[in-house]
S.K.: 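Sharing a structure with you now.
Owing to the predicted nature of the structure, the values given are computational and were not obtained by experimental measurement. The basis for the numbers below is simple: all heavy atoms, side chains too, and nothing from hydrogens, waters or symmetry mates. Just so you know, ligand 1 is whichever comes first in the structure, and atom 1 is the first atom listed for that ligand.
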Amino acid sequence: MPSEKFKLAVLVSGRGSNLQAIIDSIEKKYLPAEISLILSNVPDAYALQRGKKHGLETVFLDPKKFSKRDDYEKHMIELLQTKSIDLICLAGFMRILGKNFIEAFSGKIINIHPSLLPAFPGLNVQEKALEHGVKFSGCTVHFVNEEVDGGAIILQAVVPIHDDDDAQSLSDRILEQEHIIYPEAIRLIIEDKLEFSGRRVTQKTKEN
Ligand code: GAR
């Protein structure tokens, strides 16, 4: 009997280039996984079209149909539980997740963020990096906890900031690295290669 594939859910709100990087990594057999669900909180997110193009199940869950955030997330939890998801990947999902959701999938939610955390959490981070005058920025894949962009760091990539950069050029350079390290981090999780010590995440050595 073939073994069950590792099941991913990808949560999106927009363009979906990180979703595309995950899809491509699966199709190239770099990731031994399948995307069981793509969930968007935005109706016309281009990410949904990308998913459909690859024959993947997509769903738009309308936050306006729920009076409380908790009810919306309860619905999300139920939907994801019916799919027996192993890992939830936030890929440009622009909603803060609440305690109940995070507890329901404890240790099974990861996010990609376009800065070297803990520098510049939150929104408009390329502008913030340029304003601050840092010479390097980058991106971070991290576990999601209740602190926004505050969970344990899995992988980071460093990107230089050039004197003539604006937010767009910096964002583009960071995005190239996001598309590399997000699939890498997912692969480390699938292959059970991570070790945990407090909030420090390292890669298991071969002897382990
Ligand atoms: C990416 O740059 C991602 O790091 C960022 O949104 C963009 C989504 O692009 N996420 C955050 O800022 C989360 N705090 P994509 O839709 O093309 O993957």
Side-chain angles (χ1 to χ4, degrees), residues 8-27 30-31 33 35 37-54 56 58-61 63 69 73 76 87-98 101-102 105 109-132 134 136-161 165-186 189:
L8 304 176
V10 185
L11 273 49
V12 296
S13 301
R15 172 182 58 184
S17 70
N18 278 289
L19 165 70
Q20 190 68 55
I22 298 169
I23 293 172
D24 293 346
S25 301
I26 292 172
E27 291 188 348
Y30 174 74
L31 283 181
I35 297 177
L37 187 66
I38 297 166
L39 187 152
S40 173
N41 64 326
V42 175
D44 54 357
Y46 184 60
L48 291 170
Q49 286 188 44
R50 292 184 192 263
K52 283 182 190 141
K53 201 170 148 201
H54 290 265
L56 299 168
T58 58
V59 66
F60 158 56
L61 201 54
R69 185 178 82 170
E73 292 190 0
M76 279 172 71
L87 185 69
I88 298 170
C89 304
L90 310 185
F93 185 64
M94 295 309 195
R95 258 182 93 88
I96 292 171
L97 293 166
F101 187 91
I102 290 166
F105 302 102
I109 314 171
I110 61 173
N111 180 42
I112 179 110
H113 180 79
S115 77
L116 291 176
L117 291 170
F120 313 122
L123 297 173
N124 305 319
V125 297
Q126 287 86 5
E127 285 88 343
K128 285 181 193 162
L130 291 169
E131 267 164 36
H132 196 93
V134 292
F136 292 90
S137 187
C139 47
T140 304
V141 183
H142 63 93
F143 286 102
V144 172
N145 64 8
E146 280 182 59
E147 190 191 334
V148 176
D149 300 322
I153 292 168
I154 305 167
L155 287 178
Q156 293 187 305
V158 178
V159 166
I161 296 185
D165 266 331
D166 57 19
Q168 189 58 53
S169 61
L170 177 57
S171 178
D172 292 345
R173 195 174 311 116
I174 292 174
L175 202 61
E176 279 177 32
Q177 296 304 312
E178 293 186 36
H179 298 162
I180 297 169
I181 68 167
Y182 211 7
E184 261 178 35
I186 296 169
I189 292 170

S.K.: Is a side-chain N or O of Asn124 found less than 3.5 angstrom from the main chain of Glu127, in a donor-acceptor match?
M.R.: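 Looks like no, no N/O pair under 3.5 Å.
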S.K.: Please could you name the atoms of ligand 1 that Met94 approaches to less than 4.0 Å, counting only its heavy atoms?
M.R.: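 Answer, ordered by atom number: 6 (O), 10 (N), 11 (C), 12 (O).
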S.K.: Which of the atoms in ligand 1, numbered in the order shown and given with their element, are less than 4.0 Å from a heavy-atom of Leu175?
M.R.: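 What qualifies from ligand 1 is 2 (O).
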S.K.: Distance-only, no hydrogens or angles: does the Gln156 side chain make a donor-acceptor pair with backbone N or O of Leu117 under 3.5 Å?
M.R.: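 A pair under 3.5 Å: yes.
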S.K.: Can you list the atoms of ligand 1 that are under 4.0 Å from a heavy atom of Ser17?
M.R.: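 The atoms of ligand 1 under 4.0 Å from a heavy atom of Ser17 are 15 (P), 16 (O), 17 (O), 18 (O).
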S.K.: For Arg15, is there any backbone N or O sitting under 3.5 Å from a side-chain donor or acceptor partner on Arg50?
M.R.: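 It does hold such a pair.
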S.K.: Of the listed options (Gly122, Ser171, Pro114, Pro121), which comes nearest to atom 12 (O) of ligand 1 when hydrogens are ignored and any heavy atom counts?
M.R.: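 It is Pro114 whose heavy atom sits nearest to atom 12 (O) of ligand 1.
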S.K.: Considering residues, nucleotides and ligands other than Ile180, do more than 12 of their heavy atoms fall under 6.0 Å from its CD1?
M.R.: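 Above 12, so yes.
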S.K.: Give the atom numbers and elements of ligand 1 that come within less than 4.0 Å of a heavy atom of Glu178.
M.R.: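 Under 4.0 Å from Glu178, ligand 1 has these atoms: 1 (C), 2 (O), 3 (C), 4 (O).
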S.K.: Which of the atoms in ligand 1, numbered in the order shown and given with their element, are less than 4.0 Å from a heavy-atom of His113?
M.R.: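 Within the 4.0 Å cut-off of His113, ligand 1 contributes 4 (O), 14 (N).
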S.K.: Ile102 and Leu97: which non-hydrogen atoms are nearest, and at how many Å?
M.R.: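 Heavy-atom minimum between the residues: CD1-O, 3.5 Å.
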S.K.: If you take the nearest heavy atom of each of Gly14, Gly16, Ala21, Gly92, which one is closest to atom 16 (O) of ligand 1?
M.R.: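 The residue whose heavy atom sits nearest atom 16 (O) of ligand 1 is Gly16.
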S.K.: Could you tell me whether the side chain of Ser115 and the main chain of Cys139 form a donor-acceptor pair under 3.5 Å?
M.R.: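 Not confirmed, Ser115 side chain does not pair with Cys139 backbone.
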S.K.: Only heavy atoms of Arg15, strictly under 4.0 Å: list the atoms of ligand 1 that pass.
M.R.: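 The list of qualifying atoms is 9 (O), 15 (P), 16 (O), 17 (O).
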S.K.: Identify the protein heavy atom lying closest to atom 10 (N) of ligand 1, giving its residue, its atom name and the separation to 0.1 Å.
M.R.: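 Sorting protein heavy atoms by distance from atom 10 (N) of ligand 1 puts Ile112 O, 3.6 Å first.
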S.K.: Assess the pair Phe120 and His132: is the distance between their ring centroids shorter than 6.0 Å?
M.R.: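 Here the rings of His132 and Phe120 have centres that are less than 6.0 Å from each other.
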